[in-house]
2 protein chains.
Amino acid sequence: MQKEAVLKKAGLSVTESRKTILELFFASEGALAHADIEKHSSINIDRVTVYRTLQTFVESGIIHQIPTTDNTILYALCKDSCEAGHHQDEHVHFICVSCNKTNCLDDVMVPMVKLPKGFLPIQTAMIVKGTCIDCRN
Amino acid sequence: MQKEAVLKKAGLSVTESRKTILELFFASEGALAHADIEKHSSINIDRVTVYRTLQTFVESGIIHQIPTTDNTILYALCKDSCEAGHHQDEHVHFICVSCNKTNCLDDVMVPMVKLPKGFLPIQTAMIVKGTCIDCRN
DNA sequence: AATGATTTGCAATATTGTTGCAATATTTTT
DNA sequence: AAAAATATTGCAACAATATTGCAAATCATT
Ligand SMILES: [Mn+2]
Ligand SMILES: [Mn+2]
Ligand SMILES: [Zn+2]
Ligand SMILES: [Zn+2]
């Protein structure tokens, strides 16, 4: 889908900042952190705008978050099937310890897991750390 | 195991800060973030010392990290079987969206998952968000 | 108790995140 | 196509979080 189409489908205004950030996600192999976006965007986008755009994109179901253990949040494009408020991204995420890229393994679904009595699951994330296919040489 | 024993087993000096922080983990039901420790420790521990202690504890296999999507890192006690450099904590973590506590589900192991050719896993984390047993009333 | 090694707290600095508000850009209406 | 209404952006100021070097204090060893 085109940048503008994605924004319009989500009911968002089409602005330069949003198109530029979306462009970055389209072009990127792996997931992006706030800092990546601030550094690599073609035009200059204010730090605050980046924060707000990422938040808007998450809420609109355009991108999803990937938890990490380094005080950053990673973001990656959602499938078209994701919608505002209701994400459908239960695939596994792979963080390469060598190149440090994070991949969405779109074809690997997060397996169900049986929880103790009383725990009611809503959403499950699975993050695998290891060596990615590009780094195994 | 006693506080001092834990530290000695890890080959660490036994200091007031370390005992106090360890105490907090023993007393806490759920996982702790840096901020929790800074706020709730009985004696006053400098912010920098808290950072350094957490790092040391992770490296020594005393605590393990839990990834989140809110720019914090959560920490919880490891099993006795964990050792420096080589953690053995592949259990599921449960974050309650109501009370916001994070539990180690020590008895729920992270299931294996088949990765695409070429991806070599080292460690897997699984975080379930939902409603915990205490909040289902 | 004295020595040496490690840890701690402070200060200074850097990085990251939040908020209000006026200026600008976008969408909708006329 | 212009005007009006709405939404977004950037700036500034601030708050919160994280990092580093170094001297003082604490801890382990003798
Ligand atoms: Mn993903
Ligand atoms: Mn745990
Ligand atoms: Zn790699
Ligand atoms: Zn709860």
Side-chain angles (χ1 to χ4, degrees), chain A residues 2-25 31-63 65-75 84 100, chain B residues 2-25 31-63 65-75 84 100:
Chain A
Q2 298 297 314
K3 283 175 289 181
E4 311 210 354
V6 170
L7 293 171
K8 279 184 179 157
K9 184 191 163 202
L12 299 175
S13 305
V14 178
T15 70
E16 279 309 295
S17 307
R18 287 173 179 171
K19 280 193 287 181
T20 304
I21 293 177
L22 208 43
E23 184 70 48
L24 266 181
F25 278 107
L32 298 173
H34 174 100
D36 299 321
I37 293 166
E38 213 182 327
K39 273 178 212 141
H40 299 119
S41 68
S42 51
I43 61 171
N44 238 51
I45 304 177
D46 190 87
R47 143 187 301 283
V48 178
T49 302
V50 175
Y51 282 117
R52 296 198 269 225
T53 303
L54 288 173
Q55 188 183 322
T56 302
F57 281 7
V58 169
E59 287 166 356
S60 309
I62 295 175
I63 59 178
Q65 300 176 304
I66 304 163
T68 72
T69 48
D70 67 348
N71 287 303
T72 66
I73 305 171
L74 291 172
Y75 301 87
N100 212 34
Chain B
Q2 298 297 315
K3 283 175 290 181
E4 312 211 354
V6 170
L7 293 170
K8 279 182 181 159
K9 184 191 163 203
L12 299 176
S13 304
V14 178
T15 71
E16 279 309 297
S17 308
R18 285 173 181 172
K19 280 193 288 181
T20 304
I21 292 176
L22 207 42
E23 184 71 47
L24 266 181
F25 278 107
L32 299 173
H34 174 100
D36 299 320
I37 294 166
E38 213 181 327
K39 274 178 213 142
H40 298 120
S41 67
S42 51
I43 62 171
N44 237 51
I45 303 178
D46 191 87
R47 149 185 297 282
V48 179
T49 302
V50 175
Y51 282 118
R52 295 196 270 225
T53 303
L54 288 173
Q55 188 183 322
T56 302
F57 281 7
V58 170
E59 286 166 358
S60 308
I62 295 175
I63 59 178
Q65 301 176 305
I66 304 163
T68 72
T69 47
D70 67 350
N71 287 304
T72 66
I73 306 171
L74 292 173
Y75 300 88
N100 213 34

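Below, read A as the first sequence line, B as the second, and so on, with proteins coming before strands; counting in each chain starts at 1.
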Measure the distance from [atom1] on [X] to [atom2] on [N] and round it to the nearest whole Å.
| X | N | atom1 | atom2 | value |
| --- | --- | --- | --- | --- |
| A:Glu16 | C:dA23 | CD | P | 22 Å |
| B:Lys19 | C:dT7 | NZ | P | 15 Å |
| B:Asp70 | D:dA16 | CG | P | 16 Å |
| B:Gln55 | D:dA18 | CD | C1' | 12 Å |
| B:Ile21 | C:dT7 | CD1 | P | 13 Å |
| A:Leu54 | C:dT16 | CG | C1' | 14 Å |
| A:Ile45 | C:dT24 | CD1 | P | 19 Å |
| A:Ile37 | C:dT16 | CD1 | P | 13 Å |

Point to revise | Residue pair B:Thr20 / B:Ile43: nearest heavy atoms and the distance that separates them | key: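 Closest heavy-atom pair between B:Thr20 and B:Ile43: OG1-CD1, 3.4 Å.
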Practice item. Provide the closest heavy-atom pair for A:Phe25 versus A:Tyr75 in the form atom of the first, atom of the second, distance. Key: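 Residues A:Phe25 and A:Tyr75, closest heavy atoms: CE2-O, 3.2 Å.
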Would you say [X] reaches [N]'s phosphate, i.e. side-chain N/O to OP1/OP2 under 4.0 Å?
| X | N | answer |
| --- | --- | --- |
| A:Asn71 | D:dT17 | no |
| A:Thr15 | D:dT8 | no |
| A:Ser13 | D:dA7 | no |

Review point. Can you check side chain to side chain contact (heavy atoms under 4.5 Å, CB included) on A:Leu12 and A:Ile62, steps first, answer last?
Key: CA-CA 11 Å; A:Leu12 299 175; A:Ile62 295 175; 3.9 Å; yes
Practice item. Identify whether any heavy atom of B:Asn44 sits under 4.0 Å from a base atom; if not, whether one sits that close to sugar-phosphate; answer base, sugar-phosphate or nothing. Key: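 Contact class for B:Asn44: sugar-phosphate only.
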Practice item. Would you state whether a donor and an acceptor, one from the side chain of B:Arg52 and one from the base of C:dG9, lie under 3.5 Å apart? Key: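 It does, because a donor-acceptor pair links the side chain of B:Arg52 to the base of C:dG9 below 3.5 Å.
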**Study point:** First of B:Ile73 and B:Leu12 reached from the 5' end of DNA chain D, by closest nucleotide
**Key:**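 Closer to the 5' end of DNA chain D: B:Ile73.
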Point to revise | Out of C:dG17, D:dA18, D:dG10, whichever nucleotide has its closest atom nearest the side chain of A:Asp46 | key: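 My answer, after comparing the listed nucleotides, is D:dG10.
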Exercise for review: Test B:Val6 against B:Lys3 for side chain to side chain contact (heavy atoms under 4.5 Å, CB included), laying out the working first.
Suggested key: CA-CA 5 Å; B:Val6 170; B:Lys3 283 175 290 181; 5.9 Å; no
Exercise for review: By nearest nucleotide on DNA chain C, pick out whichever of A:His34 and B:Val48 is the more 5' one.
Suggested key: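 Nearer the 5' end of the strand: B:Val48.
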Point to revise | 5' precedence on DNA chain C between B:Arg18 and A:Arg47 (nearest-nucleotide basis) | key: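 The residue closer to the strand's 5' end, by nearest nucleotide, is B:Arg18.
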Check your understanding: Between B:Leu54 and B:Ile37, does a side chain to side chain contact (heavy atoms under 4.5 Å, CB included) hold up when you go through it step by step?
Key -> CA-CA 10 Å; B:Leu54 288 173; B:Ile37 294 166; 3.6 Å; yes
